[in-house]
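Heads up: the structure comes next, in structure tokens.
The figures that follow rest on heavy atoms only: side chains count, while hydrogens, waters and symmetry mates do not.
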Amino acid sequence: MLAFAQRKRGLVRAYGTVFSIAIAADAWLNGPWTPVKLKPAWVIPVFFVILGDFRYFVVLEDAFAHALKLVRAAALAFVVPVTMQIIRWRVPRIEQDERVTFLVYELLFMLFALAIRFFVVPRAEDRTLARRATDFELVMYGSWIAADIGILATGIDAFYIVRIVANLLYYVALVPFMMKLLEKRAK
């Protein structure tokens, strides 16, 4: 993806370059062979969750004709993580099960993305870009939700296949898909 991004121009090139490096760093630094051991251990994963959501908000904000797009995208990327932390403070037992923690985050993001889809997207200068980017996020988060509910409710390992599909959307498909959307807008 990094090599492909270098063949593009402007925002498409910057987006592909930054986020292909970021997704590789995410996989490496959150994997078993990471050389980075921070205390508390959640710092790196939370950073990459916010950065992962930021990828979508950069594209969403590009669909609007206002200034400070990256600042707005960064602010939006913190809405769900901050809300999640407030919920964790109020309901500490959520942290006891990692799968429940994931599910609550995914549900929060799904609600946020649905609100964006119905209340924000219609006001975008480029509604097609905003709609397609948001629909991608809804499919990705919906896949994670379906997988985690299936795993929690039944314990059937087959639901991990659905989780793999969602992870492929997140780690493999998101950056090229969003680059394609940005490229169409640039034309």
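Under the 3.5 Å distance criterion, with hydrogens and angles disregarded, no donor-acceptor pair is assigned to the side chains of D148 and Y105.
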**OP:** With side-chain contact (heavy atoms from CB on, under 4.5 Å) as the test, would you mind laying out the steps for E61 and L76 before giving the verdict?
**Re:** CA-CA 10 Å; E61 285 299 311; L76 289 169; 3.3 Å; yes
**OP:** Mind running side-chain contact (heavy atoms from CB on, under 4.5 Å) on R132 and V59 for me, showing each step along the way?
**Re:** CA-CA 10 Å; R132 288 182 178 164; V59 176; over 6 Å; no
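With a 4.5 Å cut-off on side-chain heavy atoms, N30 and F47 do not count as touching. Residues L169 and W144 are not in side-chain contact: their nearest non-hydrogen atoms beyond the backbone lie 4.5 Å or more apart. With contacts defined as side-chain heavy-atom distances shorter than 4.5 Å, the pair V175/Y15 qualifies.
For the atom pair CD1 (I151) and OH (Y160), the distance works out to 4.5 Å, reported to the nearest 0.5 Å. Here the straight-line distance linking atom CG of L60 with atom CE of M178 works out to 9.0 Å at 0.5 Å rounding. In this structure, CZ in F109 is found 6.5 Å from CE in M140, a value given to the nearest 0.5 Å. Put simply, CD on Q85 and OG1 on T83 are 10.5 Å apart, with the number rounded to the nearest 0.5 Å.
In terms of heavy-atom proximity, Y170 sits nearest to V49 at OH-CA, 4.5 Å. The nearest pair of heavy atoms linking R99 to D97 is N-OD1, 2.9 Å. The shortest non-hydrogen separation linking F54 to L70 is CE1-O, 3.8 Å.
One hydrophobic cluster, built from ILVMFWY side chains closer than 4.5 Å, holds both F112 and V58.
The existence of a salt bridge linking R9 and E183 is excluded, since no basic side-chain nitrogen approaches an acidic carboxylate oxygen closer than 4.0 Å. A salt bridge between R163 and E106 is present, with a side-chain N of the basic residue lying under 4.0 Å from a carboxylate O of the acidic one.
Using bins of under 30°, 30° to 60° and over 60° for the plane-to-plane angle, the ring pair F136/F177 lands in the parallel bin.
Other residues, nucleotides and ligands contribute at most 12 non-hydrogen atoms within 6.0 Å of the CD atom of E98. More than 12 heavy atoms of other residues, nucleotides or ligands shown are found within 6.0 angstrom of OH on Y171.
Side-chain atoms of Q6 come within 3.5 Å of backbone N or O of L2 as a donor-acceptor pair.
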